[in-house]
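The block underneath contains the structure these notes are about, expressed in structure tokens.
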Amino acid sequence: MNMISASQEQRQTWNALAQAWEHWGDAFERGASYVSRALIDSAALKAGDHVLDVATGLGEPALSIAAQVGRNGHVTGIDISEEMIAVARRRLGTVTNVSFVAADAEHFVPDSRYQVVTSRFGLMFMPNRQACLLRLRDAMTPGGRLVFSTWSTPDKVPMISLAVGFFVRELDLPPPPPGKPNPFCMADERAVLAELDAAGFGQARCERIVAPFMFETLAEFVRFSRDLIPPGIGAAIAERASPERIAALWTKFAEAAGRFVRADGTVSLPSHALCFSAQR
Ligand SMILES: C[S@@+](CC[C@H](N)C(=O)[O-])C[C@H]1O[C@@H](n2cnc3c(N)ncnc32)[C@H](O)[C@@H]1O
């Protein structure tokens, strides 16, 4: 059997999705920027800070932080997916105090210490999270701040769970194996606070925010959901249904998602995030 590690599976997944993420990056940021704002507020950034953004994806919140740390500060954004990093580099524009590096956060060896470590929707994809938290703590200066966001439970994050949940129910797809990294595996605030404590972080707290993910039309949200369906789920769907049935199911999905359409035709998907902060 062809076995690959959980991290390599993540790398393949996100490499496969990078082009679609580039296409949908602005639409995603309309909601996700609210989460960045909460993270940046609790990071208490100062000019000159050196910041590590873990699982930076297309470069957020690394790029939003760059302006706050000024010319003497620097942001290093790391991500396991070379394709996501390639998109992030394309989005750099004239920004000079950010570098993007393709690296696995669980094995990354920093060449300096960071005052702040951030991660927006990244830590839940680390298969060995406790080891990763310890490594991040080692990469921080004493008193340094760790800020990161996770998603709440699937019922509170329709922007992600609506399409996946629909196909799981319609085609009776098997649940993911227990313990496998997924967007919702850090939804339990108390469990995450205990993990931070066990990794030696102090003053840990959690702020809950609702990010207003918006789409201009129902058709736009259906395209977003279709383009970003995780490749593993896309493959399971293709195994169980003909292309005609899949097309019909997407039409049925659009009907089901109709309850999120507002009077003006836009789609509103308030999605609940947990924003954690802690100190080394
Ligand atoms: C949901 S995206 C978040 C991207 C970005 N921070 C944002 O909020 O838009 C999750 C990211 O985690 C990255 N990732 C998964 N496992 C990783 C690992 N072991 N080390 C570094 N990055 C990882 C993926 O490649 C992906 O880009």
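Indexing begins at 1, ligand by ligand and atom by atom, following the structure's order. Residues: numbered from 1 along the sequence shown.
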Atom 4 (C) of ligand 1: the protein heavy-atom neighbour that sits closest, reported with distance to 0.1 Å: Ala55 O, 3.4 Å
For atom 20 (N) of ligand 1, closest protein heavy-atom neighbour: Ala105 N, 2.9 Å
Heavy atom of Thr56, distance to ligand 1 below 4.0 Å: yes
Main-chain N/O of Gly200 paired to Arg137 side chain as donor or acceptor, under 3.5 Å: yes
Any Phe221 side-chain heavy atom under 4.5 Å of Phe213 side chain: no
Stepwise side-chain contact (heavy atoms from CB on, under 4.5 Å) test for Asp79 and Phe100: CA-CA 8 Å; Asp79 198 284; Phe100 289 119; over 6 Å; no
Option whose closest heavy atom lies nearest to atom 15 (C) of ligand 1, chosen from Phe121, Trp21, Phe125, Phe28: Phe125
Arg245 and Glu170, any side-chain heavy atoms less than 4.5 Å apart: yes
Ligand 1 atoms in contact with Met84 (distance to a heavy atom under 4.0 Å): 27 (O)
Nearest non-hydrogen protein atom, atom 8 (O) of ligand 1: Arg120 NE, 2.7 Å
Exam field: side chain Arg135 to backbone Phe108, donor-acceptor pair closer than 3.5 Å: yes
Enumerated ligand 1 atoms positioned under 4.0 Å from heavy atoms of Glu60: 5 (C), 6 (N), 7 (C), 8 (O)
Gap between atom CG of Asp49 and atom CG of Asn97 - 0.5 Å precision: 11.5 Å
Atoms of ligand 1, numbered as shown, that sit under 4.0 Å from any heavy atom of Asp104: 18 (C), 19 (N), 20 (N)
Within 6.0 angstrom of Tyr34 OH, more than 12 heavy atoms from elsewhere: no
Ligand 1 contact by Met126, heavy-atom criterion under 4.0 angstrom: yes
Close-contact set for ligand 1 against Ala103 heavy atoms, below 4.0 Å: 20 (N), 21 (C)
Best match, Asn15, Ile80, Asp53: closest heavy atom to atom 17 (C) of ligand 1: Ile80
Nearest protein heavy atom with distance in Å, relative to atom 25 (O) of ligand 1: Asp79 OD1, 2.5 Å
